[in-house]
*Asks:* 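Sharing a structure, written as structure tokens. Questions coming.
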Protein chains: 2
Amino acid sequence: MPVGELRPPKRQSTVDYVAEALRGAIMAGGLQQGEQLGETELAERLDVSRGPLREAMQRLVAEGLLEAVRNRGVFVTELSTADVEDIYRTRSAIERGALELVMDGRREETVRALTPSITAMRTAARRGSAPGVSDADHTFHEELVACSGSLRLIRAMRTLVVETRMCLGELETTYPDLGSQVREHEEIVEAIGEGTLERAKELLVAHMDDAVQRLAAKRVPPAS
Amino acid sequence: MPVGELRPPKRQSTVDYVAEALRGAIMAGGLQQGEQLGETELAERLDVSRGPLREAMQRLVAEGLLEAVRNRGVFVTELSTADVEDIYRTRSAIERGALELVMDGRREETVRALTPSITAMRTAARRGSAPGVSDADHTFHEELVACSGSLRLIRAMRTLVVETRMCLGELETTYPDLGSQVREHEEIVEAIGEGTLERAKELLVAHMDDAVQRLAAKRVPPAS
DNA sequence: GATCATCTGATTGTTGACAATAGTAGGTGG
DNA sequence: CCACCTACTATTGTCAACAATCAGATGATC
């Protein structure tokens with residue numbers, strides 16, 4: 001008889017599970033910005049008690065994804081235009097740090113790791129699927145940081161990816177041109193392959209500045 | 001009658017208070033690396049219940065200062081030599097990001113903000129007080145990031161400062177030469193004042209590399 | 001009619017008790 | 001004497017009940 005199936009199904013702690021579920025809900029838009037997280041309802045939905053739920057929420061508070069107001073409850077952090085800029089500037093700093101590490105003897109490995117997301121992005125672009133490109137975009141950047149092997153850069157990036165998706169969530173992710181989006185990422189991979197650190201950094205910074213300007217323009221609708 | 005003194009003494013939430021207390025204890029060495037945090041004892045000492053204490057601990061788990069092992073408890077994270085490198089590399093990325101922001105129209109303000117810590121460092125160096133120099137060192141770098149105004153860089157830096165002190169905690173902070181330490185910081189401030197971003201970055205990177213090599217050398221005692 | 005006080009409902013904050021797990025000490029058999 | 005098994009103890013994980021607080025509604029007063 002298969003014993004493997006009836007052992008206590010808890011590999012990870014309850015708090016881990018709940019925190020991950022909340023993170024996913026925020027990222028996917030199931031929890032909107034500014035929305036309050038009712039403890040009783042959430043606990044019931046996740047089939048846990050309020051205790052572990054509150055512990056998990058504190059994890060996301062520490063990450064800045066949730067905000068706790070005393071005697072009022074916890075809310076999904078609302079991102080202002082200033083926050084959008086801050087997110088991309090921070091990502092820029094983190095990802096350039098990752099680039100430096102990756103350039104130091106991990107180039108081939110990194111190019112290999114980034115190729116799948118590039119391929120996916122190219123396919124999505126050909127289909128004209130903006131969400132597909134967006135997904136591949138995030139995978140690319142998270143993978144880049146993962147290749148750095150830096151625990152702390154990776155940890156910071158995990159939160160930043162969620163925040164990036166929160167920015168995009170409200171407005172449909174419409175790139176001006178899907179093809180150019182693919183090209184920008186390809187160029188970064190090329191620079192990594194060549195080992196030209198400064199060029200890779202320049203491309204990355206330009207890429208991020210583009211994104212932040214696109215988002216800022218969307219947020220403050222052009223004077224009509 | 002002074003009503004200001006009898007209002008409920010809770011400005012901040014209990015979790016905030018406990019989390020800050022734990023962070024301070026870790027930074028000051030009251031909680032050593034690898035040490036287990038007994039819930040009952042700690043709760044009693046902080047005069048709170050286990051509930052809020054556990055919530056506060058989860059915040060530090062999210063920051064990476066504590067590690068939770070299922071059914072075993074939470075422990076202060078142990079920093080390996082690889083971690084020390086990682087901490088300084090991450091700080092390097094974060095602080096360079098801060099430098100860029102600071103250089104963009106906040107130079108005078110930043111120089112003003114950094115001057116006190118430089119003065120304190122100079123005084124401590126004159127006294128021959130290595131701990132004094134170390135304190136001023138941390139103040140300097142945290143202040144630099146604070147001047148960037150970036151919420152996310154500041155948040156990351158707060159954790160990194162604690163981790164930096166954890167590295168230093170075990171071995172006495174002995175700089176080879178206190179005066180040169182002061183000089184390095186002065187040069188960074190000068191570069192900020194002049195607005196030469198690249199020079200400031202170079203100085204900062206060199207400063208961090210020095211530190212990490214000094215620590216690595218101390219950790220793996222020279223082959224005896 | 002507008003404003004303020006009070007009341008009510010619901011939600012959060014905290015606590016203590018209970019259940020489950022892991023480490024430890026003691027005992028038994030080889 | 002060592003290895004293994006068993007019972008115990010201490011600690012963590014979870015939960016439900018209680019206390020405290022806030023937002024909104026209701027009603028009274030000017």
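Below, chain A is the first sequence line, B the second, and so on; all start at residue 1. Everything quoted here is computed from the prediction, not taken from an experiment.
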*Asks:* Taking atom P of D/dG13 as reference, at what distance in whole Å does atom CG of B/Asn71 sit?
*Replies:* 6 Å
*Asks:* What's B/Gln36 touching, base or sugar-phosphate or nothing? Going by heavy atoms closer than 4.0 Å.
*Replies:* sugar-phosphate
*Asks:* What residue among B/Arg59, B/Met57, B/Glu55 forms side chain to side chain contact (heavy atoms under 4.5 Å, CB included) with A/Glu55?
*Replies:* B/Glu55
*Asks:* Assess, by modelled atom type and distance only, whether the side chains of A/Arg91 and A/Thr164 contain a donor and an acceptor separated by less than 3.5 Å.
*Replies:* yes
*Asks:* Does A/Glu85 have any side chain to side chain contact (heavy atoms under 4.5 Å, CB included) partners at least two apart in sequence or in another chain, and if so, which?
*Replies:* A/Arg89, A/Val212
*Asks:* Test your reading of the model: is there a side-chain donor-acceptor pair from A/Ser134 to the backbone of A/Ala130, 3.5 Å cut-off?
*Replies:* no
*Asks:* Starting at CZ of A/Phe75 and ending at C1' of C/dT11, how long is that distance when rounded to a whole Å?
*Replies:* 10 Å
*Asks:* Starting at the 5' end of nucleotides 14-19 of chain C, put B wherever the base has a protein heavy atom under 4.0 Å, S where only the sugar-phosphate does, and a dash everywhere else.
*Replies:* BB-B--
*Asks:* Say whether B/Glu63 and B/Thr159, considering side chains only, have a donor N or O and an acceptor N or O under 3.5 Å apart.
*Replies:* yes
*Asks:* With no hydrogens and no angle check, just 3.5 Å: does a side-chain donor-acceptor pair link B/Ser80 and B/Asp83?
*Replies:* yes
*Asks:* Would you classify B/Leu53 as touching base, sugar-phosphate or nothing, given that sugar-phosphate means primed atoms plus P, OP1 and OP2, and contacts are heavy atoms under 4.0 Å?
*Replies:* nothing
*Asks:* May I have the distance from A/Arg72 (atom CZ) to C/dA10 (atom C1'), rounded to whole angstrom?
*Replies:* 13 Å
*Asks:* Where the side chain of B/Gln33 meets the backbone of B/Met166, is there a donor-acceptor pair that is under 3.5 Å apart?
*Replies:* yes
*Asks:* Given axes from five pairs at either end, by how many degrees does the helix from C/dG1-D/dC30 to C/dG30-D/dC1 bend, rounded to 10°?
*Replies:* 10°
*Asks:* Just to verify, which of B/Leu22, B/Leu37, B/Leu65 counts as forming a side chain to side chain contact (heavy atoms under 4.5 Å, CB included) with B/Val76?
*Replies:* B/Leu37
